[in-house]
Amino acid sequence: MRYLPLTDSDRSAMLDVIGAPDIDALFLDVPEEARISGPIEGLPMHASEMAVEKHMRRLSKKNLAAADAAFFLGAGAYKHHIPASVDHIIQRGEFLTAYTPYQPEIAQGTLQMLFEFQTQVARLYGCAVANASMYDGSTACWEAVAMASRIARGKKRKVVLSGALHPHYAEVVRTMAKFTDDEIAGAPPSLTAKPDDEGLIARIDEDTSCVVVQYPDILGRLPDIAKIAEAAHERGALLIAVNTEPVALGAVKSPGELGADIVVGEGQSIGVGLQFGGPYLGLFAVRDEKHVRMMPGRLCGETVDAEGKRGFVLTLSTREQHIRREKATSNICTNSGLCALAFNVHMTLLGEKGLRRLAMENHRLACLAADRLAKVPGVKVLNDAFFNEFTLLLDGDARAIVRKLTKQNILAGVSLGRLFPGNDGLTNGLLVAVTETTTEEDVETLAAALEEVLA
Amino acid sequence: MRYLPLTDSDRSAMLDVIGAPDIDALFLDVPEEARISGPIEGLPMHASEMAVEKHMRRLSKKNLAAADAAFFLGAGAYKHHIPASVDHIIQRGEFLTAYTPYQPEIAQGTLQMLFEFQTQVARLYGCAVANASMYDGSTACWEAVAMASRIARGKKRKVVLSGALHPHYAEVVRTMAKFTDDEIAGAPPSLTAKPDDEGLIARIDEDTSCVVVQYPDILGRLPDIAKIAEAAHERGALLIAVNTEPVALGAVKSPGELGADIVVGEGQSIGVGLQFGGPYLGLFAVRDEKHVRMMPGRLCGETVDAEGKRGFVLTLSTREQHIRREKATSNICTNSGLCALAFNVHMTLLGEKGLRRLAMENHRLACLAADRLAKVPGVKVLNDAFFNEFTLLLDGDARAIVRKLTKQNILAGVSLGRLFPGNDGLTNGLLVAVTETTTEEDVETLAAALEEVLA
Amino acid sequence: LEEPLLFEIGHIETTGVDFDFAGKLDLAGVEQPQPPSPAPSSRLGGFERTEPIGLPGLSEPETVRHYTRLSRQNYAIDLGLFPLGSCTMKHNPRLNEKIARMPGFADVHPLQPVDTVRGALEVINELAFWLIHLTGMHGVAMSPKAGAHGELCGILCIRAALEARGDAREVILVPESAHGTNPATAAFAGYKVEDIPATPEGRVDLEALKARLGPDVAGVMITNPNTCGLFERDMKAISDAVHEAGGFVYCDGANFNAIVGKVRPGDLGVDAMHINLHKTFSTPHGGGGPGSGPVVLSEALSPFGPLPYTARTGDGVVHLVEEEDAESFAKEHFGGPLQHFGRMTAFHGQMGMFTRALSYILSHGADGLKQVAEDAVLNANYVLRSLDGVLDAPFGPSGPCMHEALFSDKGFADGLSTLDLAKALIDEGYHPMTMYFPLVVHGAMLVEPTETESKAALDQFIVALRSVAERAKAGDESLRTAPHYAPRRRLDETLAARRPMLAWNDPDLA
Amino acid sequence: LEEPLLFEIGHIETTGVDFDFAGKLDLAGVEQPQPPSPAPSSRLGGFERTEPIGLPGLSEPETVRHYTRLSRQNYAIDLGLFPLGSCTMKHNPRLNEKIARMPGFADVHPLQPVDTVRGALEVINELAFWLIHLTGMHGVAMSPKAGAHGELCGILCIRAALEARGDAREVILVPESAHGTNPATAAFAGYKVEDIPATPEGRVDLEALKARLGPDVAGVMITNPNTCGLFERDMKAISDAVHEAGGFVYCDGANFNAIVGKVRPGDLGVDAMHINLHKTFSTPHGGGGPGSGPVVLSEALSPFGPLPYTARTGDGVVHLVEEEDAESFAKEHFGGPLQHFGRMTAFHGQMGMFTRALSYILSHGADGLKQVAEDAVLNANYVLRSLDGVLDAPFGPSGPCMHEALFSDKGFADGLSTLDLAKALIDEGYHPMTMYFPLVVHGAMLVEPTETESKAALDQFIVALRSVAERAKAGDESLRTAPHYAPRRRLDETLAARRPMLAWNDPDLA
């Protein structure tokens, strides 16, 4: 086996040192009736690199890669171009094969990177402090709800979800709340050109610990965070803003700037890639430093070493479960270190200038696409405003149309029918995302295909 | 431009320090009538990563990659599986972006690697000393001929080439000899089951500086190096053995062991890959240490530092052209450092055990393939003996048949017609190579297609 | 060499990316690309950014250099042995990195129509198959994003199963030697946590456990092999007792590396166990993640696993089952309602880790995986016995250890601690072992060499460890200020916690 | 940390590869693969290896660690500024590495039928097109494998052209400041080499050159910008004079980085010039190669270039012209016999470098390539002027330099040399500059920062260089034993040459 360095003669020599007659003598504590002897049944014997690579390539080729299609999917995961140097850097053995930086003297590479990452996320979100990443946007969203509960010390048990929150995020919150006895108030979104901010505000009451609103929302619209924040704060509730497309924040005001108390989101757009849904990168930030000790997840902080040199350490870990056990602020242990690095590197390559241009390029192409698609008979653009994703209303069941277009290598978007199963009022909705990777030909291809299928 | 770090304000600040009004003031020495102002005409403006990647991918897809075909080409370049860790290591910035190790104190990584590489090559070839690599097998072959001339001090001017030497190698030798007035004796190979060693020996005379013989030869046969070496030595000539498939040396005796004086070859099979012919890796070794100072190319040697620690340096560089100018032993300056690293790493992963198993697997599959193809009506196997490549004699023009099979994604081999244009006697010959990457299905595919096309 | 922060060297005006054409470059030598279509007026609804964000950029050359230099301040498995007990720092095969980047895995959207992602679903299903097979269980939940998330998933399954039978139990029992994540998880799921003591030989006290079992106990969370590096010999008896009392058995699978191919937790009565793909199945740790924590489930718990999941039907097709069709799918194929407890994350789990783990399993195969456990245990015992008489091994008399060797600070000179020894080990060129864990041993040092270390590497490590241990016993004061040769001397963690500086603030603006 | 040699840690019995199935792994869960077909008896003709080879192996974990640790003993551009004059150590874009690995480029055999490699031929032809365009020449030979090979190619073209007109000339003139490769190349091609002196301001002495021209002079080899870092102002006059005397002008293109997009050598009368793709066009140096040295040719020399070559015909198809069809192709498409001088290498040149260089050209484009030259020259002049009064710049008074700044050791304290300064620079964290070259300057130091260094990086480097220069002038004796902080102290190169140890020999066997 190419991954196992011991030779048979090593093994005998080592058994001699140990004083054991054979390997099985080391497994004496495993009850004999349960111990397996001989190779594992049913599994093939070890395989060469070539054999494994061929097998996996065969499976890979059974998927339609985004680059091989006219591609318009979004809904919380976006296809962006990732510079080649990002992957080069995350494959450096010193980053790839390092552990959690518990020994800071020999982990400054990871720690400084995390400190830079935290700063980038905090600034992007318009917040004071960000943590060192979480699993993904949906779990970060739940952690934010749980944090708001902690801050409310159990005195407020109601969580108000915007209807236009990503349905998977809402589902995660609902699932977890089942076990913590929080009450979740939510409803499917209504197909209006602007988000129903007034309706959301109307649901906030004195028992509300937090309000969760997505920006841009699941239909691509832009809710008025400032207004909702004001209303929430009036009733003593925290506003949690959720963002699933960080590139948007290169073009629009940050949620923190607009008054959100906790800002969470998915960081996948920057550096991480599609990867069929994971690993992704949960971003988590608080607008006000006073909430820091209530935050979940790891935090990296600046300090000095014995000689007074600047250095970085994991800090405030008394909040973490491996120390606090049942009093921890979250269940998270592993975070998304390597994805945070990818985000950090890609964001460094972009810089403010690059991020703004990237955002404007996304928006420009999305506007062109919306205008073009609106010209197709049977197609209506729902949104008044949007960033790089908008909702089409089709004369027909969007889900069936998406399936049909797949056969022409067009991945036309995400149907609202798939996102909100069982909501008959939404079945004609199709969520279309456009990024810098979308060409005008792609848009033409989609328009022509829609024209044909809707005729 | 993403690769150019200076900002416009940097540029002005720097011009101020220099005391120049503008950039063009620094190009004053370029005659004004020749100086280009403005962007280069005809060339597009700078392009994004995404644009360049798309353009190059489109060109890449216009080629049939070996992995997507039933593949049987050899003739000096072989398709082998290269472990993923080889590419990982050669992409380490410290290897990839380092220069020639002229400053040994900060280049021990490259230097120790070269020392290991030299040792591996010397052992594989059965020689005392190998150099730190050359451009490729064909130029290494020419350098060996030139070295033999140097050793003969111009007293012997005849070079005897085996007819079964790779025709490109022979062509390189002939081209260069035109300018050095060496006389080249050679002839196309004859289609016999065994190489014509006697005929070659008969051409060696007292004016012969060296004899060049390939092992295995271009038709896949194995010449009797020991016998030819003896004959050459009797007449005061050196024997140069050329090997284009290093994997073969895991199965058969090394040329050095059999008496060759200089052993050269192509190292591409180990670690480097096909790459449409380059960069490849020239291997060069001498059986006897006494010839070391006549060798071309770089040499890495062991020494000690000021504290007595072992270290490595480039040595005997007084032979090299950047020092010796017109008295240099070769024209080579750059070698194939990164390819040598790839060879070194792959050979380390293989080790003796792996190399032998790899060789035997190649040979086993080649034997099976030869037997299977021999059963096709209209196909005859020429070779008595072979390693992983053999010659088929077809009832028909091999070149046309190869072209025909291409349409079925079968890359059937290299026709002798292409290798030896203008030799009518060879047009039915087809050189077929089989490696560990060849599956039994591939062989069946080829056999079935040949059966059809020859029917 | 010190590397400044990005914020100290970058500029707002610098960028390492170019945006010029919408992906088009038509050459044939000379054609100039078309300028992009003009931008329509913005439709951002009045939310346009007006203020600077504060994100400096670097050109590509500066970026590559910044991170290359930063990386060199890290220790990593690629540089040397990484003996962190309970963390299983084994070699990460490079083949798996290559496979994870195949376009059919890396460049696929989670919401593509299922007909365009059949291969991805097959990967998930194939990995699921082997995880079930290797553990002797009945089902598996693939979506948990890491070990702790998997623990939570397992406990939620238990809670859902109990609720389904209307049995409201409130307590989870956790032995002293459990991972710190276990009690945190149980608390998060709404349970009261109670400790169970360990025996002097370092195992769960079976009698104490039995004594505590009762109708209020939802289950136990047990780590096996446990954190003392020992196999819980009484595992089957524990399971039987818990089951008899109406509870469930959760097993922390972080240490599965020691037993894969040697014993199947399912055969010992386990109901749920998470598997850290980044431990036993060697997906890279990456400086703290991403992880992946599939949870294998017994027949009793399988119906309660979360959505989404994959299932292969008789016709060989792999299905993706989500909220929409969970009910109908269960009815049609499993002959009953599926009682899933909900969704733990958006999308389907850590695909990028699944491809790597599956490649790992196929590469090792039936003989290799078993060898993994055997060599891991052999290496740990070799370290344990090679330090006889040098370091105190409190459970050494209990017999062979599993894949990690546990030592205490007994015999250290006054004032010198496990921490000092660990930091001195850095100067010897090694990452320290796990310290002060498990809590049952004073000044604990938990060494896990893993199976991917050669005997020569172990011998070198043993020499280094012996040397620092002897210095600790002799009272060498220089240990107190170690490390001396690392990129940093000891860092002031108290200061960091007292005055948290968690983001960079421009000192010029302060 | 020291890293032993492979031969000291490897074993003959260890391997890091597995061979088990001929590329087949059929899963569907449970199927065992077939055992391989039995081996027929060997057909090796009696040459079977019987003796051990002596090649130790390592497992994959050990291999990755060995080379990772070795790599960290290297300096590289990714770690810092690399001011080697004449070597153009600029950043290597990572995009180009990705592109070179696309299967259609990396996994194609050089002898595949041309219909299966049209894209590869297009890459060669497109790169050829831009190289001709950027240099203002008429043709290009793509197959030379590196700069020196390209020089040889150029000189052979000249020789072939002269022979074709029956003109047997014997002498090549080379200015003092030429690269050392130039005289070596001319000698290799069978020419006598004669030097031409430089003027005090560091350029070719035009009058001396003119005086030497005559019917025995085949041509001159000139480096422009020259190795003193100056542009040869009289280049056109030199060319005219050489042409008038019936000779040809070879230009060493190693320094093309300074003028790309600013001036075209073809406009200055050059007949042949090699281009180091690893310099101007940034293919990675890789610790000493591979290089790639295409040679652009004037109309007079183009017919004599080597085989094979590519050509795009009117129908847009790119052809590969080899021995077989060179004659007929030339007749049909160029209206005359093609007088190629033969073949310089097997196959078609350095494809892996072509893809990278083409990506580089397209990425930079019309504006970026010009900026490359401008920034390279700006950076060099900035270094030159920032050291005014610290280091002697012998040609400083000649005006601005091109892309490299030349200094001398004038003013160093007795007994301290350029070598000492260079080694001291290592302790400051930098690779030294080129030393003792060109020969026309005493203790020469040639600094080429390249355009991929930021102003901040240059400022830091200038501080370091200033500091060591001041120490050299002040007579700081510690310079003599520098470096002190590198992986090795000064190495004994004399010992290495006197008693060459060029391969590892087992000391146990000695």
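Chain A is the first sequence line, chain B the second, and so forth, proteins listed ahead of strands; every chain is numbered from 1.
- Looking only at distances, a side-chain donor or acceptor of C/Thr15 sits under 3.5 Å from a matching main-chain atom of A/Leu349.
- With a 4.5 Å cut-off on side-chain heavy atoms, C/Met344 and A/Thr139 do not count as touching.
- Within the 4.5 angstrom heavy-atom criterion, atoms from both the backbone and the side chain of C/His364 approach chain A.
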(request) I would like to know whether A/Thr100 and C/His285 meet side-chain contact (heavy atoms from CB on, under 4.5 Å); could you show each step before the answer? (result) CA-CA 8 Å; A/Thr100 308; C/His285 286 255; 5.9 Å; no

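- Put simply, of A/Phe386, A/Tyr169, A/Phe179, the one with the most heavy-atom pairs under 4.5 Å next to chain C is A/Phe179.
- Taking chain A as the reference chain and counting heavy-atom pairs below 4.5 Å, the highest number among C/Glu323, C/Arg118, C/Arg233, C/His11 is found for C/Arg233.
- At a 4.5 Å heavy-atom cutoff, the contact between A/Leu222 and chain C is made by backbone and side-chain atoms alike.
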(message) Does C/Gln112 form a side-chain contact (heavy atoms from CB on, under 4.5 Å) with A/Leu274? I'd like the steps, not just the answer.
(response) CA-CA 11 Å; C/Gln112 284 184 209; A/Leu274 289 174; 5.5 Å; no

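- Residue with the most contacts toward chain A among C/Thr63, C/Asp267, C/Leu44: C/Leu44 (heavy-atom pairs, distance under 4.5 Å).
- Contacts between A/Leu355 and chain C at a heavy-atom distance below 4.5 Å involve the side chain alone, from C-beta outward.
- Residue A/Met56 touches chain C through both its backbone and its side chain, counting heavy-atom pairs closer than 4.5 Å.
- Here the side chains of C/Pro284 and A/Phe95 are not in contact, with every heavy-atom distance at 4.5 Å or above.
- Although no hydrogens or angles enter the test, the distance criterion places no donor-acceptor pair under 3.5 Å between the side chain of C/His348 and the main chain of A/Phe276.
- With a 4.5 angstrom heavy-atom cutoff, A/Arg356 touches chain C only via side-chain atoms.
- Contact annotation for A/Pro104: both backbone and side-chain heavy atoms come within less than 4.5 Å of a heavy atom of chain C.
- Only the side chain of A/Leu341 comes within contact range of chain C, with heavy atoms under 4.5 Å apart.
- Among C/Pro52, C/Gly57, C/Ala189, C/Gly365, the residue making the largest number of heavy-atom pairs under 4.5 Å with chain A is C/Gly365.
- In terms of modelled atom types and a separation under 3.5 Å, the side chain of C/Ser454 and the main chain of A/Pro5 share no donor-acceptor contact.
- Proximity to chain C involves both the backbone and the side chain of A/Val345, based on heavy atoms less than 4.5 angstrom apart.
- Looking only at distances, no side-chain donor or acceptor of A/Glu105 sits under 3.5 Å from a matching main-chain atom of C/Arg488.
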(request) Would you please test A/Leu358 and C/Val17 for side-chain contact (heavy atoms from CB on, under 4.5 Å) and show each step? (result) CA-CA 9 Å; A/Leu358 176 62; C/Val17 295; over 6 Å; no

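- Under the 4.5 Å side-chain criterion, counting only non-hydrogen atoms from C-beta, A/Leu43 is in contact with C/Ile361.
- Note: A/Ala77 leads A/Gly422, A/Ala67, A/Ala34, A/Ala77 in heavy-atom pairs under 4.5 Å with chain C.
- The closest donor-acceptor contact from the side chain of A/Glu352 to the backbone of C/Ile53 lies under 3.5 Å.
- The shortest distance between side-chain heavy atoms of A/Gln108 and C/Leu491 falls below 4.5 Å.
- Interface remark: A/Tyr3 contributes backbone and side-chain atoms alike to the contact with chain C (heavy atom separation under 4.5 Å).
- Both the backbone and the side chain of A/Leu350 come within contact range of chain C, each with at least one heavy atom under 4.5 Å from a heavy atom of that chain.
- In this structure the side chain of C/Val123 never reaches within 4.5 angstrom of the side chain of A/Ser60, judged on heavy atoms.
- Residues C/Glu48 and A/His363 have side chains that never bring a donor and an acceptor to within less than 3.5 angstrom of each other.
- Side-chain atoms of C/Gln73 never come within 3.5 Å of backbone atoms of A/Gly109 as a donor-acceptor pair (strictly under, hydrogens ignored).
- The two residues C/Leu70 and A/Met113 come nearest to each other via the heavy atoms CD1-N, 4.4 Å.
- Ion pairing of A/Arg92 with C/Asp78 is absent here, as no side-chain N (NZ or NE/NH1/NH2) approaches a carboxylate O to less than 4.0 Å.
- Looking only at side-chain heavy atoms (C-beta outward), C/Lys98 and A/Glu49 stay at 4.5 Å or farther from each other.
- Looking at heavy atoms from C-beta onward, C/Arg49 lies in side-chain contact with A/Glu257 at the 4.5 angstrom threshold.
- The candidate from A/Ser254, A/Ala75, A/Ala20, A/Ala132 with the greatest count of non-hydrogen atom pairs under 4.5 Å with chain C is A/Ser254.
- When each of A/Leu338, A/Val313, A/Val414, A/Thr406 is checked for heavy-atom pairs under 4.5 Å with chain C, A/Leu338 comes out on top.
- Between C/Pro113 and A/Leu64 there is no side-chain heavy-atom pair separated by less than 4.5 Å.
- Among all heavy-atom pairs drawn from C/Met353 and A/Pro279, the shortest one is CE-CG, 3.8 Å.
- Counting only N and O atoms by type, the side chains of A/Thr303 and C/Asp492 include no donor and acceptor under 3.5 Å apart.
- Each of A/Gly250, A/Ala385, A/Gly19, A/Gly277 has some count of heavy-atom pairs under 4.5 Å with chain C, and the biggest count is that of A/Gly277.
- For the pair A/Thr97 (side chain) and C/Ala76 (backbone), a donor-acceptor distance under 3.5 Å is absent.
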(message) Apply side chain to side chain donor-acceptor pair (under 3.5 Å) to residues C/Tyr67 and A/Thr348 and explain how you reach the verdict.
(response) CA-CA 10 Å; C/Tyr67 291 100; A/Thr348 297; 2.9 Å; yes

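- In this structure, C/Arg343 contributes its side chain and A/Thr175 its backbone to no donor-acceptor pair below 3.5 Å.
- The two residues C/Ala486 and A/Ile106 make their nearest non-hydrogen contact at CB-CG2, 4.0 Å.
- Of the two parts of C/Phe82, only the side chain, counted from C-beta on, holds a non-hydrogen atom closer than 4.5 Å to a non-hydrogen atom of chain A.
- At a cut-off of 3.5 Å, with distance as the only test, a side-chain donor of C/Thr345 or A/Asp136 sits close to an acceptor on the other residue.
- One N or O on the side chain of C/Asn74 and one on the backbone of A/Glu94 form a donor-acceptor pair closer than 3.5 Å.
- For the options A/Lys79, A/Glu53, A/Met347, A/Arg35, heavy-atom pairs under 4.5 Å to chain C are most numerous at A/Glu53.
- Judged by distance alone, with hydrogens and angles left aside, the side-chain atoms of A/Asn63 form a donor-acceptor pair with the main-chain N or O of C/Gly119 at under 3.5 Å.
- In this structure, the portions of A/Leu26 lying under 4.5 Å from any heavy atom of chain C include both its backbone and its side chain.
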